[in-house]
Amino acid sequence: MATFQSLPGFRDFYPEDLARRSHLFRVWRQNARAFGFEEYDGPVLEPLELYKTKSGDEIETQLFSFTDKGGREVALRPEMTPTVCRLVGERAGSLKRPIKWFSIAEFYRYERAQKGRQRSFYQFNADIFGEAGPEAEIEIIALLVQCLAGFGLTAQDFYVRLSDRDLWFFYLESLGCTDAESRSLLSAVDRFEKMGDDAFKGYAEAHGELAPARKAAVLAFLEIKSLAALRAHLAEGGAGSGKLAARLADWEKVLGGLAAMGLGDFVQVDLGVVRGLAYYTGFVFEAFDRKGDLRALAGGGRYNDLVKKLGGPDLPAVGFAIGDVTTGILLEQRGVMPALISAPDVYVVSGEGEPRRTALGDVHRLRAAGYRVDYPLRAPAFGKQFKAASDSGARLALIYGSDELAKGVVKFRDLCERSEREIPLGGVAEAEKDFFCAGGR
RNA sequence: GCGGUCAUAGCUCAGUUGGUUAGAGCACUAGAUUGUGAAUCUAGGGGUCGCGGGUUCGAGUCCCGUUGGCCGCCCCA
């Protein structure tokens with residue numbers, strides 16, 4: 001049996017594992033629909049160039065890529081964003097705005113697997129296209145919160161850190177930074193939390209030592225953890241700059257909208273988050289567990305230039321993705337992963353011969369009516385069958401024996417109450433209906 | 001790509017300074033039990049001890065390599 005193993009970073013999903021995964025998908029799908037998002041999907045295999053165009057040539061080292069038999073350079077999808085940009089871009093002219101789409105799909109990345117990260121994983125992706133205003137951020141962040149809160153997680157379990165790459169650029173510009181310097185500084189900000197002062201080494205190498213005053217300004221800015229602090233900081237710097245003032249107004253809208261939805265406790269201003277991805281153009285956000293011992297649960301932001309860059313029309317967009325691996329770990333940790341046992345509604349016990357034939361007729365009728373019905377394929381002794389009925393987790397057992405048949409009845413046993421009554425043959429479907437509608441389920 | 005650590009049954013593990021045919025609990029199957037439930041007793045299936053090589057009269061045990069898991073670094077769309 002040890003001859004073949006699954007590939008590193010790829011998981012087997014035994015029924016109990018798949019039940020957990022399906023639980024995630026169910027909650028995500030249900031909430032996305034509640035928010036008015038439509039589900040889509042795309043190909044698992046895409047042209048390698050699609051990802052190189054979006055992320056640069058180096059990305060290939062992180063991809064499952066190969067040359068197909070037709071000589072095409074292809075890659076298993078490592079993310080959904082380029083695909084959905086293509087889909088939306090192709091029909092942008094005929095799609096009603098705003099375009100609110102979601103998907104649940106499997107992705108592949110050729111990376112070293114570790115805690116919370118596999119080479120194959122699933123993501124819920126949600127995006128809004130065609131709305132450039134901060135109203136789209138409110139909607140997408142609210143969905144992100146609900147896609148975690150929907151499991152029973154609270155603001156004590158996780159939170160969303162909200163930042164803004166535009167704000168950073170405008171701020172650095174007001175400090176006199178060139179565009180190249182700003183980009184380098186943002187990459188330092190991204191690493192600062194983890195690396196401390198070493199994060200600025202890359203900047204020093206490229207642009208010379210960072211002036212102390214400028215560094216102090218950057219550090220003060222990334223420490224900002226509230227809207228009030230941001231407001232005060234910008235006022236202090238005499239941020240009369242129209243750009244900064246306009247961004248601040250957008251911040252007021254986003255945080256005000258989320259507060260109005262009752263989600264204020266889930267969102268934390270945190271300019272220390274910038275996300276390394278160069279394609280983000282405005283607000284960026286990441287969801288983390290409050291204890292901080294897991295990697296990011298979800299990440300997203302605005303990417304107004306990407307659809308165009310990938311060959312589509314000029315279409316503003318904002319979106320996020322949640323992964324199944326870290327989310328699953330968090331749900332287990334917080335004890336909100338339900339016990340997902342798959343029990344039938346009814347277990348049918350029968351004798352051999354005529355009783356069994358009668359039972360099979362009812363088994364099928366009940367199944368066709370939508371009940372989950374199980375029975376032993378090869379009927380063993382009655383004692384065994386009762387144990388099997390009990391083990392199955394079914395609420396009800398139906399008993400077809402020669403004694404019952406002789407009387408024209410079926411025994412209807414409530415396995416929880418351990419009570420039993422007789423119902424007339426042919427009245428089974430109706431009795432089930434009465435039982436389960438009365439709250440027997 | 002780099003470092004640490006681990007690997008015995010489906011699961012959790014035991015296995016003596018290297019010594020006969022590798023064990024236990026749980027789980028699974030069957031019987032006791034041809035009509036009433038989580039019990040008990042009995043029996044059974046399931047292992048090339050991750051894989052390969054070396055040392056040795058003899059390796060689950062010692063050595064080397066390799067693959068895989070876990071943890072961390074790089075990266076993280």
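Chain A is the first sequence line, chain B the second, and so forth, proteins listed ahead of strands; every chain is numbered from 1.
The cationic group of R161(A) lies under 6.0 Å from the six-membered ring centre of F288(A) and within 45° of the ring axis, placing it in a cation-pi geometry. A cation-pi arrangement is present between R421(A) and F412(A) under the rule of less than 6.0 angstrom and at most 45 degrees off the ring axis. By the 6.0 Å and 45° rule, R77(A) stacks over the aromatic ring of F107(A).
At rC75(B), one or more side-chain N or O atoms of R191(A) fall inside 4.0 Å of OP1 or OP2 (strictly under the cut-off). Contact annotation: R112(A) does not reach the phosphate of rC73(B) (side-chain N/O to OP1 or OP2, under 4.0 Å).
Ion pairing between a basic and an acidic side chain is recognised when a charged N comes within 4.0 Å of a carboxylate O; K225(A) and D270(A) show such pairing. Taking a cutoff of 4.0 Å between a charged side-chain nitrogen and a carboxylate oxygen, D362(A) and R365(A) qualify as a salt bridge.
The side chain of P8(A) has rG69(B) as its nearest neighbour among rU36(B), rG69(B), rC75(B). Of the candidate nucleotides rA77(B), rG72(B), rC76(B), rG72(B) has the atom nearest to the side chain of K115(A). Here rG35(B) is the nucleotide among rG35(B), rC73(B), rG69(B) with the atom lying nearest to any side-chain atom of D403(A). Comparing rA77(B), rG35(B), rG72(B) against the side chain of E79(A) picks out rA77(B) as the nearest. Candidate nucleotides rG72(B), rC76(B), rU36(B) were compared by shortest atom distance to the side chain of K194(A), and rC76(B) ranks first.
There is no side-chain donor-acceptor pair under 3.5 Å between S103(A) and E39(A).
With both ends at atom P, the span from rG69(B) to rC11(B) equals 15 Å, rounded to whole Å.
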- request: Could you check R395(A) against D414(A) for salt bridge (charged side-chain N to carboxylate O under 4.0 Å, His left out), going step by step and ending with a plain yes or no?
  value: CA-CA 6 Å; R395(A) 179 73 199 275; D414(A) 184 324; 3.3 Å; yes

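Stretches of at least 3 consecutive Watson-Crick or G-U wobble pairs, with each checked distance under 3.5 Å, appear in RNA chain B as B:1-7 with B:67-73, B:10-13 with B:23-26, B:28-32 with B:40-44, B:50-54 with B:62-66.
When heavy atoms are screened at a 4.0 angstrom cut-off, E420(A) is found touching base atoms of the nucleic acid. Across all strands shown, Y279(A) has heavy atoms under 4.0 Å from sugar-phosphate atoms exclusively, and none from any base.
In this structure, F25(A) has its ring center under 6.0 Å from that of Y122(A).
Summarising the geometry of G42(A) relative to M80(A), their closest heavy-atom pair is N-CE, 4.4 Å, with the distance given to 0.1 Å.
The residue among Q118(A) and R275(A) whose nearest nucleotide of RNA chain B lies closer to the 5′ end is Q118(A). When each of G116(A) and K384(A) is assigned the nucleotide of RNA chain B with its nearest heavy atom, K384(A) is the one assigned upstream, toward the 5' end.
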Between protein and nucleic acid, restricted to nucleotides 37-39 of chain B and to nitrogen or oxygen atoms under 3.5 Å apart, what atom pairs and distances do you find?
{"residue": "rG37(B)", "atom": "O2'", "partner": "R418(A)", "partner atom": "NH2", "Å": "3.2"}
{"residue": "rG37(B)", "atom": "N7", "partner": "R413(A)", "partner atom": "NE", "Å": "3.4"}
{"residue": "rG37(B)", "atom": "N7", "partner": "R413(A)", "partner atom": "NH2", "Å": "2.9"}
{"residue": "rG37(B)", "atom": "O6", "partner": "R413(A)", "partner atom": "NE", "Å": "2.5"}
{"residue": "rG37(B)", "atom": "O6", "partner": "R413(A)", "partner atom": "NH2", "Å": "2.8"}
{"residue": "rG37(B)", "atom": "N1", "partner": "L415(A)", "partner atom": "O", "Å": "2.6"}
{"residue": "rG37(B)", "atom": "N2", "partner": "L415(A)", "partner atom": "O", "Å": "2.9"}
{"residue": "rG37(B)", "atom": "N3", "partner": "S390(A)", "partner atom": "OG", "Å": "3.2"}

